[in-house]
Novice: 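Have a look at this one before I ask anything.
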Amino acid sequence: MSKSLTASKKIMKNYLSELLTEPEVDVESVQQSVVKQTTSRPLAHKENQSLENLLKTVNEPKEAKVAKEVPVTKDVAKEVTNGNSSDTGLLPTSSEESLTAAITLPQKGYRQGDFQAMFFEVAGLTIAVPLIELGGIHKVNKTSSLMGKPDWFKGVMLYRDEKINVVDTALWVMPEKCDQALKDSLNYQYIIMLNDSSWGLMAEHLVDTVVLSQDEVKWLDSSEKRPWLAGLVKEKMCALLDVSALIELLNKGSDINQK
Amino acid sequence: MVVWTVANQKGGVGKTTTTIALAGVLAEQGHRVLLVDTDPHASLSYYFGIESEDLDLSVYELFTQVSSREQILQTLCPTQYPNIDILPATMGLATLDRSLGNKGGMGLVLKKAVQKVAESYDYVLMDCPPVLGVLMVNALAAADRIIIPVQTEFLALKGLDRMIKTLEIMQGEQDTSFKYTIVPTMFDKRTKASILAFKKLQEVYTNKIWPGVIPIDTNFRNASFEQKVPSDFAANSRGTLAYKSLLNYLVKQSMQYKEVER
Ligand SMILES: Nc1ncnc2c1ncn2[C@@H]1O[C@H](COP(=O)(O)OP(=O)(O)OP(=O)(O)O)[C@@H](O)[C@H]1O
Ligand SMILES: [Mg+2]
């Protein structure tokens with residue numbers, strides 16, 4: 001069984017290797033040798049149409065902006081890797097800017113129409129995060145703890161070249177309930193990345209992803225006491241995180257009581 | 001220009017739908033999108049009302065003759081959306097595997113072709129046939145990121161396994177590693193099988209999988225009858241919203257790995 005598998009793998013490997021390796025003779029000449037005579041004139045009208053389209057994209061103001069959008073994204077990519085954040089219409093807001101954005105522009109992406117949220121569990125508690133603000137999910141790996149950090153700061157986990165700041169979610173969310181027994185019982189398996197920040201919340205289980213409508217959430221807008229809480233998902237009576245506010249708190253080193 | 005290839009060796013998992021839905025949202029956001037149809041069934045081309053058998057030029061010709069930038073631009077067909085153009089497929093493509101065999105380097109034809117029109121597009125989305133062959137290899141080799149739709153049901157998980165293995169073997173033949181994102185499709189929250197499959201996917205593929213789901217939504221089929229992209233046909237449908245959220249995630253991932261900074 002395993003022998004035949006290896007054999008088929010070898011065949012695949014040879015096939016792919018052949019296709020993906022440039023021969024000594026230029027591919028283009030190989031192409032020439034299988035030329036199928038294209039006698040008829042290429043569609044002249046098609047050409048004009050698509051050229052017209054291309055020209056349109058250059059001329060119309062809306063499209064002109066578009067043409068610039070890729071370079072903008074490039075800059076953002078740079079900034080993100082520098083640890084700064086920025087905001088283009090396309091990207092969800094992140095860290096510092098998003099907080100100001102939240103004040104001046106209370107409508108977040110998920111504050112209209114239906115949106116998806118992912119539910120996860122920590123110490124029997126279910127927490128929801130809007131998918132649009134979820135940066136990804138990692139499996140828990142070794143974290144190296146740092147000295148002089150709050151209890152809830154579990155440490156730094158490396159993923160490729162990326163350093164993830166890992167938060168012990170139970171300790172952050174309910175510090176007063178976290179006795180040794182509870183701590184020992186925690187079985188963290190996943191890290192839920194917050195937007196494009198380097199913060200990740202540890203989770204024990206992933207529950208599911210659900211489409212929520214606006215009235216399935218009791219919104220708690222601009223709660224000064226609990227900025228990290230966007231609202232409560234009515235059916236499950238669980239917290240829906242305000243990810244950008246949470247990132248802000250974590251950056252400041254504050255826990256849930258903002259201390 | 002960023003190239004995303006939508007692929008899975010399993011059929012009917014939502015590849016073409018995903019390609020079209022993402023293209024629609026990207027175009028709506030003002031990006032210039034090129035669609036490349038590599039499926040001899042030409043369902044992507046057909047979606048936009050292109051009768052590709054009536055055309056003189058298609059993706060096929062890219063494989064049989066060296067094409068200049070101008071020639072490639074001539075091969076493009078406009079769609080009813082000014083920001084979306086398409087490189088159409090024809091049935092003839094089905095013969096490529098036989099006529100080319102595995103001639104050296106023929107896996108890189110599409111990659112070279114789209115590079116020639118790189119200035120004209122922000123995003124290139126390639127739709128693949130559900131078979132591993134010279135066409136899928138080309139589309140994969142051209143990709144900055146591979147999007148793998150997978151139905152949330154158990155049989156589909158098996159197929160996914162095979163697809164990932166293909167990528168791994170292919171990876172050995174290229175100098176860069178593949179970046180891929182698995183996308184759970186046709187999710188039915190009322191069926192237990194869907195939920196179980198979703199959990200299984202998350203468990204096995206964690207950071208390789210988009211944490212959301214594309215729900216079952218009849219709007220997709222209805223949109224295709226009207227030859228409209230889903231975001232145009234039903235802007236606030238669950239399906240469209242899910243694809244918007246997927247796009248958001250893909251862009252975030254692309255920036256994280258600096259694919260956009262090529
Ligand atoms: N989320 C969805 N909800 C409902 N129907 C869907 C959904 N996604 C796709 N479909 C429908 O399922 C069918 C198959 O989808 P699609 O053509 O996108 O799959 P594919 O992977 O491209 O198939 P093939 O392998 O044959 O190319 C289509 O009729 C499409 O309209
Ligand atoms: Mg298809």
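For the numbers below, each heavy atom of this structure counts, side chains included, while hydrogens, waters and symmetry mates do not. All values reported here derive from a predicted model rather than from experimental measurement.
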Novice: What part of A:V207 gets closer than 4.5 Å to chain B, counting heavy atoms only: side chain, backbone, both or neither?
Specialist: backbone
Novice: In a check of side-chain contact (heavy atoms from CB on, under 4.5 Å) between A:L20 and each of B:V137, B:L140, B:N138, which one passes?
Specialist: B:V137
Novice: Walk me through it: do A:L131 and B:W210 pass the test side-chain contact (heavy atoms from CB on, under 4.5 Å)?
Specialist: CA-CA 9 Å; A:L131 267 193; B:W210 171 52; 4.1 Å; yes
Novice: How long is the straight-line distance from CG of A:L19 back to CE of B:M136, given to the nearest 0.5 Å?
Specialist: 13.0 Å
Novice: Does NZ belonging to A:K154 count more than 12 external heavy atoms closer than 6.0 Å?
Specialist: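 No, NZ of A:K154 has 12 or fewer neighbouring heavy atoms, counting only those of other groups under 6.0 Å.
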Novice: Among B:P184, B:S237, B:G212, B:P215, which residue has the highest count of heavy-atom pairs closer than 4.5 Å to chain A?
Specialist: B:G212
Novice: Mind checking the CD-NZ spacing from B:E203 to A:K139? Nearest 0.5 Å is all I need.
Specialist: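 Answer rounded to 0.5 Å: 7.0 Å.
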Novice: Walk me through whether A:N195 and B:K252 qualify under side-chain contact (heavy atoms from CB on, under 4.5 Å).
Specialist: CA-CA 9 Å; A:N195 220 336; B:K252 245 189 273 178; 3.2 Å; yes
Novice: Given a strict heavy-atom distance threshold of 4.5 Å, which part of B:T166 is in contact with chain A: side chain, backbone, both, or neither?
Specialist: both
Novice: Quick check on B:Q71 against chain A: is it the side chain, the backbone, both or neither that has a heavy atom closer than 4.5 Å?
Specialist: neither
Novice: Is it the backbone or the side chain of A:Y190 that comes under 4.5 Å from a heavy atom of chain B, or both, or neither?
Specialist: side chain
Novice: Give a yes or no on whether A:Q189 atom CD has more than 12 heavy-atom contacts from other residues, nucleotides or ligands under 6.0 Å away.
Specialist: yes
Novice: Please look at B:K208 and chain A and tell me whether the side chain, the backbone, both or neither of the residue comes under 4.5 angstrom of a heavy atom of that chain.
Specialist: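 Just its side chain gets close to chain A.
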Novice: If we define contacts as heavy-atom pairs under 4.5 Å, which of B:T75, B:I169, B:I195 has the most with chain A?
Specialist: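 If we count pairs closer than 4.5 Å to chain A, B:I169 comes out on top.
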Novice: Around atom NZ of A:K234, are there more than 12 heavy atoms of other residues, nucleotides or ligands at under 6.0 Å?
Specialist: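 Yes - once you tally the heavy atoms of other residues, nucleotides and ligands closer than 6.0 Å, there are more than 12.
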Novice: Would you mind checking if B:R238 and A:D114 are paired as a salt bridge, meaning a charged N to carboxylate O distance below 4.0 Å?
Specialist: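 The answer is yes: the pair qualifies as a salt bridge.
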Novice: Any chance you could measure B:N248, atom CG, to A:L134, atom CG, to the nearest 0.5 Å?
Specialist: 11.0 Å
